[in-house]
Amino acid sequence: LESLDVEAIREEFPILEREFDGQQVVYLDNAATTQTPDPVVDAMSDYYRESNANVHRGIHHLSQEASIAYEEAHDRVAEFIGADGREEIVFTKNTTESENLIAYSWGLNELGPGDEIVLTEMEHHASLVTWQQIAKRTGANVEYIRVDETGRLDMDHARDLIGDDTALVSAVHVSNTLGTVNPVGELTALAHEHGALSFIDGAQAVPNRPVDVSEIDADFYAFSGHKMAGPTGIGVLYGKQSLLEELEPYLYGGGMIRKVTFEDSTWGELPWKFEPGTPPIAEAVGLHAAIDWLEDLGMERVQAHEEELAAYAYDQLAAEGDVEIYGPEGGADRGGLVSFNLDGVHAHDLTSILNDHTVAVRAGDHCTQPLHDKLGVPASTRASFYVYNTREEIDKLIDALDDARALFA
Ligand SMILES: Cc1ncc(COP(=O)(O)O)c(CNc2co[nH]c2=O)c1O
């Protein structure tokens with residue numbers, strides 16, 4: 001597999017030339033949000049300059065153009081993730097809203113006492129808090145598949161938990177804290193064996209590796225534009241058409257209706273039924289451009305690049321001798337991120353020192369507080385990689401650790 005031309009890629013990201021206190025930024029916070037290449041910025045600027053109008057098929061030329069661009073962005077996303085068509089692609093604000101859409105449209109209406117929602121201990125709050133609160137409101141209960149000492153899912157425990165009372169299995173595809181790549185196809189098959197639905201949180205997967213929702217056979221799948229070289233303000237909910245057809249919308253307004261009278265209303269066709277009001281049009285154009293840009297690189301090459309950097313970072317951190325690293329040892333079942341703690345130094349202090357060296361990483365619980373409780377640490381520092389990062393940038397992170405030791409350890 002030919003490796004990425006990182007130097008050429010970096011030329012499309014002027015932000016990576018930014019300097020603070022005379023030091024060039026080292027951006028290693030990609031699991032939080034990725035940077036945006038010129039072609040994506042240009043596509044959105046061109047839209048605003050040349051085609052901006054409201055969608056839903058207004059009569060005039062500009063509205064026609066904007067509507068086509070918006071609709072074709074759905075087609076492009078469907079093609080990118082292996083969905084059957086635009087009817088299975090709902091644009092939301094972000095992964096979090098995609099999770100909430102199913103929680104409200106399906107969960108509130110379908111769940112009741114005795115029903116089980118099976119999550120994993122490594123879920124992001126976007127999923128964990130959402131299903132926890134829906135369970136409280138419906139009388140359903142939540143079970144968590146254990147994470148074992150290597151940071152992987154205990155699949156024997158999964159097979160014990162998922163049974164005939166299970167209504168939903170919701171799992172993260174790639175953990176944003178551990179980097180663990182979960183067997184989402186196997187989890188989905190287990191759910192289906194027992195008549196349950198599967199919801200896969202792909203926020204850290206779709207940007208970073210080839211994903212085929214049809215191969216996984218997920219019923220629902222969610223991810224965000226801003227984590228895949230696209231803009232903020234747009235997320236995707238994939239859902240099997242047969243399921244989305246049956247779901248009631250939970251947000252009402254214009255654009256999602258078929259007929260409205262003073263007495264009642266009927267709903268429009270998919271996916272518009274779930275897209276009330278003026279949608280993120282420019283963001284959809286940007287997401288379309290981001291997918292074109294990523295596919296030009298090749299998702300297999302993106303995955304290989306990130307895995308190589310994650311394995312390198314893992315090995316360099318492990319070699320320090322006073323760093324605790326969370327998640328599977330480097331290699332194929334770890335996504336492009338490494339969370340760790342430096343002995344004797346709080347993650348926030350370490351991250352502040354790294355920032356003094358203009359190394360941008362993230363400290364905290366990464367919206368996985370229960371997982372950090374299980375790990376026995378209040379926070380961790382996370383370095384996360386994308387297509388424009390290099391080994392030399394990881395070396396700058398490693399070199400800065402000594403300052404933290406000198407100050408805090
Ligand atoms: C696995 C996972 N699920 C859901 C979300 C929510 O995505 P959003 O709705 O677009 O915000 C994130 C974002 N994770 C992070 C956002 O900032 N740091 C992170 O680790 C995530 O990593």
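Indexing begins at 1, ligand by ligand and atom by atom, following the structure's order. These numbers come from the heavy atoms of this one structure, side chains and all, not from hydrogens, waters or symmetry mates.
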Worksheet item: Against heavy atoms of V172, which atoms of ligand 1 measure under 4.0 Å?
Response: 1 (C)

Fill in: Polar side-chain atom of T34 near backbone of A229 as donor-acceptor pair, under 3.5 Å
yes

Worksheet entry | Per atom 12 (C) of ligand 1, closest listed option by heavy atom (M122, H124, E97) | H124

Practice prompt. Enumerate the atoms of ligand 1 whose separation from the nearest heavy atom of A31 is less than 4.0 angstrom.
Written response: 14 (N), 15 (C), 19 (C), 20 (O)

Fill in: Contact atoms of ligand 1, heavy-atom distance to H226 under 4.0 Å
8 (P), 10 (O)

Fill in: K227: numbered ligand 1 atoms lying under 4.0 Å from its heavy atoms
7 (O), 12 (C), 13 (C), 14 (N), 15 (C), 16 (C)

Response to the item:
In this structure, CH2 of W106 is separated from CD of E246 (nearest 0.5 Å) by 14.0 Å

Discussion item. Checking T95 against S224 for the side-chain hydrogen bond (donor to acceptor under 3.5 Å, both in side chains) test, could you report, in this order, the C-alpha distance in whole Å, the side-chain angles of both residues, the deciding distance, and whether it holds?
Written reply: CA-CA 5 Å; T95 302; S224 298; 2.5 Å; yes

Item to complete: Would you check, one step at a time, whether the test ring pair (Phe, Tyr, Trp, His ring centres under 6.0 Å) holds for W272 with H74?
Response: CA-CA 11 Å; W272 322 124; H74 287 73; 4.8 Å; yes

Worksheet item: Would W293 and F13 count as a ring pair (Phe, Tyr, Trp, His ring centres under 6.0 Å) if you check the C-alpha gap in whole Å, the side-chain angles of each, and the deciding distance to 0.1 Å?
Response: CA-CA 13 Å; W293 187 81; F13 294 84; 5.5 Å; yes

Item to complete: Mind running ring pair (Phe, Tyr, Trp, His ring centres under 6.0 Å) on Y238 and Y221 for me, showing each step along the way?
Response: CA-CA 5 Å; Y238 158 80; Y221 196 102; 7.4 Å; no

Response to the item:
ligand 1 atoms nearer than 4.0 angstrom to some heavy atom of T96 are 6 (C), 8 (P), 9 (O)

Fill in: Min N/O separation R362 to ligand 1 under 3.5 Å
no

Practice prompt. Please confirm whether H366 comes within less than 3.5 Å of ligand 1 when only nitrogen or oxygen atoms on both sides are compared.
Written response: no

Discussion item. Within the 4.0 Å heavy-atom shell around N94, which atoms of ligand 1 are there?
Written reply: 8 (P), 9 (O), 10 (O)

Fill in: Protein heavy-atom partner closest to atom 3 (N) of ligand 1 - residue, atom, separation in Å
D201 OD2, 2.6 Å

Worksheet item: Taking atom types as modelled and ignoring hydrogens, do the side chains of S198 and T188 form a donor-acceptor contact shorter than 3.5 angstrom?
Response: yes

Worksheet entry | Nearest-contact summary for atom 17 (O) of ligand 1 - protein heavy atom, Å | A32 CA, 3.4 Å

Worksheet item: Looking at S224, which atoms of ligand 1 are within less than 4.0 Å of one of its heavy atoms?
Response: 7 (O), 8 (P), 10 (O)

Worksheet entry | Protein contact to atom 22 (O) of ligand 1 [nearest heavy atom, distance to 0.1 Å] | Q204 NE2, 2.8 Å

Discussion item. For Q23, is there any backbone N or O sitting under 3.5 Å from a side-chain donor or acceptor partner on D21?
Written reply: no

Discussion item. At less than 4.0 angstrom from any non-hydrogen atom of R382, what atoms of ligand 1 do you find?
Written reply: 18 (N), 19 (C), 20 (O)

Item to complete: Evaluate ring pair (Phe, Tyr, Trp, His ring centres under 6.0 Å) for H366 paired with H372, printing each intermediate quantity in order.
Response: CA-CA 9 Å; H366 317 304; H372 276 80; 5.6 Å; yes

